[in-house]
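Worksheet: one structure, shown below.
Start at 1 with the first residue, then count along the sequence. Please read all numbers here as calculations on a predicted model, not as lab measurements.
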Amino acid sequence: MNSNLVLPKSPIAHGRTAEVFEWGDGYVLKLFHSWFPYDDIKFEFKVASAVYASGVKSPAVRELIQVQGRHGLVYERAQGVSIMTLFQQKPWLVLSYARTFAQAHAQMHECVMTADVPQQQRRLQRKLQQTTLPVLVKASLLRSLTELPEGNRVCHGDFHPGNILLTQNDATIIDWIDASCGNPNADVARTSIILLGVAASKQTRNPFVKLMVKAFHATYLCEYFRLRPEGRSEYQRWLPVVAGARLSENIPELETWLTQLARKNQ
């Protein structure tokens, strides 16, 4: 790794854990902040490589480098605009975007995860154990988790409209740090919890946005289970488990709603 490389003057995108810079013809550099664990960066490199090799429509990762004392990953530059941005620009197309979103998720779930990455159930188990839920509620959720089937498919773990880029002809999925090998229905439940949490909490106070998120979510579910109809009843069983696990992420505005949903498992 070469720490003498020179960064462009300004990033093209900012995130909580990293900045993104243009990096030569057709590539970008995802440069992590100095506090971000190096092992997690190596893990993302491994997962992104495996996901791309599995057939998921995602950017190829080229190398892990060091620039000015910070570690980063060089990715093929993904073309397109996020569904979240498009939704903000053209809210009247919300149902069309939701169907495209569902189609991308269903295509991803056709792909088998071949890399040695965390099992989805182990990750959910660890998160549930970290929560402050009442003992009986936590025990019920952990028992339900062991009764739900494992899987071997590529699961994103953070599949939301900000992580799907659209062009005129295709969709590309980005940000694989939370990826796992697991059950597609649990991954769908995770997306539902992310989306419905926006509508159910103070993450947004705009009633129009809340209404649009609910419409987006309903259309997404309808299209996803049209494409993969065998999973709908099992998906319902995953919702309280995934809600309980999300409590470990310490999002204050979601805690009451997530706890209520987790308690529905009893």
Q) Can the ring centres of Tyr235 and Phe225 be said to be less than 6.0 Å apart? A) yes
Q. Rounded to the nearest 0.5 Å, what separation is found between the CD1 atom of Ile177 and the CG atom of Asp175?
A. 7.5 Å
(Q) Check the orientation of His105 and Phe159. Use parallel for under 30°, tilted for 30 to 60°, and perpendicular for over 60°. (A) parallel
Q) Taking all atoms of both residues into account, what is the closest heavy-atom pair of Leu64 and Phe45, and its distance? A) N-CE1, 4.0 Å
Q. Is there a donor-acceptor contact under 3.5 Å linking the side chains of Thr256 and Thr259?
A. no
Q: Taking side chain to side chain contact (heavy atoms under 4.5 Å, CB included) as the test, write out the residues that go with Gln119, two or more places apart.
A: Arg122, Glu150, Cys181
**Q.** Beyond-backbone contact of Pro37 with Phe43, side-chain heavy atoms, under 4.5 angstrom
**A.** no
(Q) I'd like to know if the side chain of Gln129 and the backbone of Lys138 have a donor-acceptor N/O pair within less than 3.5 Å. (A) no
Q) Heavy-atom distance under 4.5 Å between the side chains of Trp257 and Leu196, does that happen here? A) yes
(Q) Quick check against the 3.5 Å criterion: does Thr219 have a side-chain atom that pairs as donor or acceptor with the backbone of Phe216? (A) no
Q: Working to the nearest 0.5 Å, report the span between OG1 of Thr132 and CG of Leu247.
A: 7.0 Å
Q.
For a side-chain hydrogen bond (donor to acceptor under 3.5 Å, both in side chains) check, start with the C-alpha distance between Asn183 and Glu234, then their side-chain angles and the critical distance, and finish with the verdict.
A. CA-CA 10 Å; Asn183 186 317; Glu234 185 189 297; 2.7 Å; yes
Q.
Tell me whether Thr131 contacts the main-chain N or O of Lys127 through its side chain, where contact means a donor paired with an acceptor under 3.5 Å.
A. no
Q: Spell out, yes or no, whether Tyr52 and Val74 are grouped together once hydrophobic residues are joined by side-chain heavy atoms under 4.5 Å, including indirect joins.
A: no
Q. With sequence neighbours excluded, what pairs up with Phe32 under the side chain to side chain contact (heavy atoms under 4.5 Å, CB included) test?
A. Thr17, Ala18, Lys30, Phe36, Ile41, Glu44, Leu73
Q. Do Leu227 and Ile164 sit in the same hydrophobic cluster, where Ile, Leu, Val, Met, Phe, Trp and Tyr count as joined when their side-chain heavy atoms come under 4.5 Å apart?
A. no
Q. Any side-chain heavy-atom pair from Val242 and Leu261 closer than 4.5 angstrom?
A. no
Q.
Hydrogens and angles aside, do Asp187 and Gln120 bring a side-chain donor and acceptor to less than 3.5 Å of each other?
A. no
**Q.** Donor-acceptor pair between His217 and Ser192 side chains, under 3.5 angstrom
**A.** yes
Q.
Is any side-chain heavy atom of Ile173 closer than 4.5 Å to one of Val51?
A. no
Q) Distance from Gln107 atom CD to Arg228 atom CZ, nearest 0.5 Å? A) 10.5 Å
Q. Arg153 side chain to Gly182 main-chain N or O, any donor-acceptor pair under 3.5 Å?
A. no
**Q.** Pairwise distance CG(Leu142) to CD(Gln125) - rounded to 0.5 angstrom
**A.** 6.5 Å
(Q) Is there a side-chain contact between Arg263 and Pro134 in this structure, where contact means two heavy atoms from C-beta onward sitting under 4.5 Å apart? (A) yes
Q: Provide the closest heavy-atom pair for Pro184 versus Cys155 in the form atom of the first, atom of the second, distance.
A: N-SG, 4.1 Å
**Q.** Closest contact, heavy atoms only, Gly157 versus Arg190
**A.** O-NE, 2.9 Å
**Q.** Check ion pair Arg246-Glu249 (N to O, under 4.0 angstrom)
**A.** yes
Q. With a cutoff of under 4.5 Å between side-chain heavy atoms, which Ile, Leu, Val, Met, Phe, Trp and Tyr residues group with Leu165?
A. Ile174
Q. Out of curiosity, does Ile194 fall in the hydrophobic cluster containing Val94 (side-chain heavy atoms, cut-off under 4.5 Å, transitive links)?
A. no
Q. Taking C-beta and beyond as the side chain, do Val154 and Ser180 meet within less than 4.5 Å on heavy atoms?
A. no
(Q) Quick check: closest heavy atoms across Asp178 and Arg123, and the distance to 0.1 Å? (A) O-NH1, 2.5 Å
Q) Any idea which heavy atoms bring Leu124 and Ala245 closest together, and the distance? A) CD2-CB, 3.7 Å
Q: Say whether, by atom type as modelled, one donor and one acceptor occur between the side chain of His156 and the main chain of Asp158 under 3.5 angstrom.
A: yes
Q) With a 4.5 Å heavy-atom cut-off, do Gln121 and Thr146 have their side chains touching? A) no
Q) Counting only N and O atoms by type, is there a donor-acceptor contact under 3.5 Å from the side chain of Ser201 to the main-chain atoms of Gly197? A) yes
(Q) Please check if the number of heavy atoms outside Lys210 that lie under 6.0 Å from its NZ is greater than 12. (A) yes
Q) Is the shortest heavy-atom distance from the side chain of Lys90 to the side chain of Tyr97 under 4.5 Å? A) yes
Q) Checking Ser140 side chain against Leu136 main chain: does a donor-acceptor pair fall under 3.5 Å? A) no
Q) Taking the side chain from Ser96 and the backbone from Leu93, do they hold a donor-acceptor pair closer than 3.5 Å? A) no
Q | side chain to side chain donor-acceptor pair (under 3.5 Å) partner of Tyr224, chosen from Gln103, Arg232, His109 | A | His109
Q.
Using the rule given for salt bridge (Lys or Arg N to Asp or Glu O under 4.0 Å), can you reason through Arg70 versus Glu19, listing the C-alpha separation, both sets of side-chain angles and the distance that settles it, and then say yes or no?
A. CA-CA 11 Å; Arg70 295 163 61 186; Glu19 298 172 305; 3.0 Å; yes
Q: Supply the atom-to-atom distance Tyr27 OH to Glu63 CD, rounded to the nearest 0.5 angstrom.
A: 9.0 Å
Q: May I ask whether Val135 and Leu141 are part of the same hydrophobic cluster, defined by side-chain heavy atoms of I, L, V, M, F, W, Y residues being less than 4.5 angstrom apart, directly or through others?
A: no
Q.
I'd like to know whether CG of Asn206 has more than 12 heavy-atom contacts from other residues, nucleotides or ligands below 6.0 angstrom.
A. yes
Q) Short question: side chain of Arg77, backbone of Pro59 - any donor-acceptor pair under 3.5 Å? A) no
Q: Identify the two heavy atoms, one from Pro161 and one from Ser82, that lie closest to each other, and give their separation to 0.1 Å.
A: O-CB, 3.8 Å
Q | Test item: Glu76 side-chain N/O and Ala60 main-chain N/O as donor-acceptor pair under 3.5 Å | A | yes
Q: Establish, yes or no, whether a centroid distance under 6.0 Å links the rings of Phe101 and Tyr220.
A: yes
Q. Are Tyr75 and Val20 joined in one hydrophobic group, where the rule is that I, L, V, M, F, W and Y side chains link up if heavy atoms are under 4.5 Å apart?
A. yes
**Q.** Asp39/Lys42 ion pair, N-O < 4.0 Å
**A.** yes
Q: Working to the nearest 0.5 Å, report the span between CE of Met84 and CG of Leu166.
A: 12.5 Å
